[in-house]
There are 2 protein chains.
Amino acid sequence: MKNKIKKAHCAVDYAFQRIGGKYKGRILWILRDGFLRYGELKRAVVGITPKMLTQTLKELEADELIFRKVYLEVPPKVEYSLTDTGKELIPFISLMRTWGEKQMSSD
Amino acid sequence: MKNKIKKAHCAVDYAFQRIGGKYKGRILWILRDGFLRYGELKRAVVGITPKMLTQTLKELEADELIFRKVYLEVPPKVEYSLTDTGKELIPFISLMRTWGEKQMSSD
DNA sequence: TACTTAATTGTACGTAGTTGCACTAAAGAT
DNA sequence: ATCTTTAGTGCAACTACGTACAATTAAGTA
């Protein structure tokens, strides 16, 4: 089983289930141009707990939206980056971001 | 107070808070071209309970993404449609839908 | 008089998502 | 031997999200 989508009633439902979640959008957006280590992500995703970060990264990895590369070093080093499928979501998150910015400024 | 966004760390976060929720995307998509009555929406959003539909519609209305028009008749008649702000989200939901369709077929 | 219809509302309950905090591993430096 | 660093894990608590089902309103019809 590739991921944890229960039952999608339509493609919109499916997509929302896959990138819903409190931090998924932000993480994907932050990873848009490059490789980030766990600690860098933790600093970038302001307010996230290590527990949630780990959990969310695992889900994104299971969903094949991000790639996790482990370096066998001590202290440990792990780098995260977008997969091709994940990269396909960037234009759409970008659109959403533009809309969000506009809305925030007009409140 | 216009809506219930607590604190957005960035525009991506803000946008996701505003159209997150289990049914919001689907409802907006269904309303993309026209006016629908409560009962019609209930049939269109397969699996939703009347309680959740009412609640979600209220949130979308408070967020100014949909417009609610009440006809003073008996039995009651209420029509929902997208506001201009809501319409701006359609291209992006459309993109998401395309991505979702592609993903669903490749599983 | 009772029944039907449309769009809800209210209460109670159950599950899923999120948080807080303490804790671990393993090598190298002090 | 203890300290430091990085990337986590484990558990309990809490809150938000979602479900189930009964009840409401008020005019029109049988």
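Just so it is clear, the values below take in all heavy atoms, side chains as well, and ignore hydrogens, waters and symmetry mates. Computed from a prediction, not measured in an experiment: that's the story for all the values here. Order of the sequence lines fixes the chain letters, A, B, ..., with proteins taken first and strands second; residue numbering starts at 1 for each chain.
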Which heavy atom of Q103(B) sits nearest to which heavy atom of T85(A), and what is that distance? NE2-CG2, 3.2 Å

To the nearest Å, give me how far apart OH (Y80(B)) and C1' (dA6(C)) are. 11 Å

Would R32(B) pass as a cation-pi partner of W29(B), given that its NZ or CZ must be under 6.0 Å from the six-membered ring centre and within 45 degrees of the axis? yes

Nearest heavy atom decides the nucleotide; on that basis, is P76(A) or Q55(A) closer to the 5' end of DNA chain C? Q55(A)

For the pair made of CD in E79(A) and P in dG8(D), what is the distance, rounded to whole Å? 12 Å

Considering just the side-chain nitrogens and oxygens of R37(A), establish if one lies under 4.0 Å of OP1 or OP2 belonging to dT6(D). no

Whole angstroms only, please: what is the CG-P distance between L36(A) and dT6(D)? 14 Å

Y71(A) near the nucleic acid: base, sugar-phosphate alone, or nothing, with a heavy-atom cut-off under 4.0 Å? nothing

Could you state the CD-C1' distance from E73(B) to dT4(C), rounded to the nearest angstrom? 16 Å

Rounded to the nearest angstrom, tell me the gap between atom CD in E40(B) and atom C1' in dA7(C). 13 Å

Exercise: do E79(B) and Y71(B) side chains pair donor with acceptor under 3.5 Å: yes

Using a heavy-atom cut-off of under 4.0 Å over every strand shown, decide if K51(A) touches base, sugar-phosphate, or nothing. base

Does a nitrogen or oxygen in the side chain of Y23(A) sit under 4.0 Å from OP1 or OP2 of dT19(C)? yes

For dA7(D) and R43(A) - does any side-chain N or O of the residue sit under 4.0 Å from the phosphate oxygens OP1/OP2? no

From C-beta outward on K22(B), which listed nucleotide comes closest to its side chain: dT5(C), dG18(D), dA7(C)? dG18(D)

Which residue in the set L36(A), L60(A), L41(A) passes side chain to side chain contact (heavy atoms under 4.5 Å, CB included) when paired with Y80(A)? L41(A)

Between dG8(D) atom P and L57(A) atom CG, what is the distance in whole Å? 8 Å

Of the listed nucleotides dG20(C), dA6(C), dT8(C), the one nearest the side chain of P75(B): dA6(C)

In terms of relative ring orientation, are W99(B) and Y14(A) parallel, tilted or perpendicular, with 30° and 60° separating the classes? tilted

With heavy atoms under 4.0 Å as the rule, sort T54(A) into base, sugar-phosphate or nothing. base

Atom pair distance, as rounded to whole Å: CG in L53(B) and P in dC21(D): 18 Å

Grab the CE-C1' distance between M52(B) and dA7(C) for me, whole Å please. 17 Å

Any side-chain N or O of R68(A) below 4.0 angstrom from OP1/OP2 of dG8(D)? yes

Can you identify which nucleotide, out of dT9(C), dA7(D), dA20(D), has its nearest atom closest to the K58(B) side chain? dT9(C)

